[in-house]
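A quick write-up on the structure given underneath.
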Amino acid sequence: TGAGVTIDAFRNGKAIIGTAYAERSGDLVYDLERLAPGLAGSPGENIARTLRSLFPSLGGTLTAEILFRAKVSSSSSPGQLEGDAVARLRSSLEEILVSLSAPAPRIYLDRRGLPKLFSIIPLMHCGDLEERLFPTISSALHYFVSRSRSGADFEQRLSEYRLPLRHQHQKILRTLA
């Protein structure tokens, strides 16, 4: 924006250029009181799908994290929840929301050093992956994209070398037999 007037935009750019910019607050308000009735109203659904329908902005990664922290299987249904599982889900959801208020960009790498996930909060369900923190979202995304591309290139080259080696190996086995 320039002096409170939109000069460029991603979504519907042409329609809003030149209009007054008004900051919106509270876009992501989570009604945690909806959790228990929402779960009760979907007894046969998948719990992960139900959580995403109740809180669509969470997405798959954060939903997986909430379920992991609450010690609830992602394949269970809301009707299978026992004991204090709903309270644990609510507590985990609250923890995630608090974490989102203080973002810290990070990438989770597999054992080969290839990026698997980008997140702005710690992901406990990624305990088997290496976590690498970054000072800015931009630097984290740059690292993620560049390493993903180089990893894909490496996998392609490796695949190109494996095929002839397999053929040679099979030929040697036939010769020895």
Side-chain angles (χ1 to χ4, degrees), residues 1 6 9-13 15-16 19-148 151:
T1 64
T6 304
F10 289 111
R11 183 183 284 174
N12 302 325
I16 63 174
T19 62
Y21 173 74
E23 256 189 72
R24 298 183 311 199
S25 62
D27 281 354
L28 297 177
V29 175
Y30 293 92
D31 183 3
L32 298 179
E33 298 306 319
R34 285 183 18 194
L35 181 61
L39 292 172
S42 307
E45 280 288 320
N46 173 286
I47 187 77
R49 195 173 307 121
T50 302
L51 279 176
R52 284 194 303 271
S53 69
L54 290 170
F55 307 103
S57 60
L58 290 177
T61 302
L62 293 180
T63 300
E65 184 64 17
I66 290 166
L67 292 170
F68 181 84
R69 291 183 186 191
K71 296 177 177 62
V72 173
S73 169
S74 61
S75 62
S76 64
S77 71
Q80 295 173 322
L81 297 178
E82 296 179 0
D84 64 343
V86 174
R88 290 193 319 267
L89 279 170
R90 182 184 172 125
S91 176
S92 296
L93 179 56
E94 289 171 341
E95 285 176 23
I96 296 295
L97 294 176
V98 168
S99 294
L100 288 170
S101 68
R106 63 198 75 231
I107 291 176
Y108 290 88
L109 309 164
D110 68 10
R111 58 180 172 74
R112 296 173 299 162
L114 297 175
K116 291 298 172 193
L117 282 172
F118 166 82
S119 181
I120 58 172
I121 66 166
L123 298 175
M124 295 176 187
H125 77 276
C126 294
D128 59 332
L129 300 174
E130 176 192 342
E131 178 186 63
R132 187 168 296 171
L133 293 168
F134 291 83
T136 65
I137 289 175
S138 177
S139 62
L141 290 176
H142 175 74
Y143 183 89
F144 190 96
V145 170
S146 65
R147 294 295 171 139
S148 294

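How far CZ of Arg49 is from OG of Ser77: 11.0 Å, rounded to the nearest 0.5 Å. Between the OG atom in Ser99 and the CZ atom in Arg69 there is a gap of 5.0 Å [rounded to 0.5 Å]. The line from OG1 of Thr50 to CD of Glu45 is 5.0 Å long, rounded to the nearest 0.5 Å. From Phe55, atom CZ reaches atom CG of Leu62 across 12.5 Å, with rounding to the nearest 0.5 Å.
Here the closest heavy-atom approach between residue Thr63 and residue Arg52 is recorded as OG1-CG, 3.2 Å. Between Leu32 and Arg90, the shortest heavy-atom contact is O-NH1, 3.5 Å. Across every non-hydrogen atom of Arg88 and Lys71, the tightest pair is NH2-O, 3.6 Å. Annotation for Ser76 and Leu81: closest pair OG-CD2, 4.5 Å, computed over non-hydrogen atoms. For the residue pair Asn46 and Ala48, the shortest heavy atom distance occurs at OD1-N, 2.8 Å. Residue Tyr108 comes nearest to Leu123 through the heavy atom pair OH-N, 2.7 Å, listed as atom of the first residue, atom of the second, then distance.
Asp84 contributes no side-chain N or O that, together with a main-chain N or O of Ala87, makes up a donor-acceptor pair within less than 3.5 Å. Panel note: side chain Arg147, backbone Gly113; no donor-acceptor pair is recorded below 3.5 Å. Checking side-chain atoms of Ser92 against main-chain N and O of Ala70 turns up a donor-acceptor pair under 3.5 Å.
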side-chain contact (heavy atoms from CB on, under 4.5 Å), that's the test. Do His125 and Thr61 meet it? Break it down for me. CA-CA 9 Å; His125 77 276; Thr61 302; 4.2 Å; yes
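Residues Glu95 and Ser91 form a side-chain contact, since some pair of their non-hydrogen atoms from C-beta on lies under 4.5 Å apart. When side chains are defined from C-beta on, Leu35 counts as touching Leu51, because their heavy atoms get closer than 4.5 Å. Residues Leu39 and Ile47 meet the side-chain proximity criterion, which asks for heavy atoms closer than 4.5 Å. The shortest side-chain heavy-atom distance between Ile137 and Phe118 falls under the 4.5 Å cut-off.
When Ile107, Leu109, Asp110 are each tested for a side chain to side chain contact (heavy atoms under 4.5 Å, CB included) with Glu130, only one passes: Leu109. When each of Leu58, Ile96, Leu93 is checked for a side chain to side chain contact (heavy atoms under 4.5 Å, CB included) with Glu65, only Ile96 meets the rule.
Between the side chains of Ser75 and Ser73, at least one donor-acceptor pair of N or O atoms lies under 3.5 Å.
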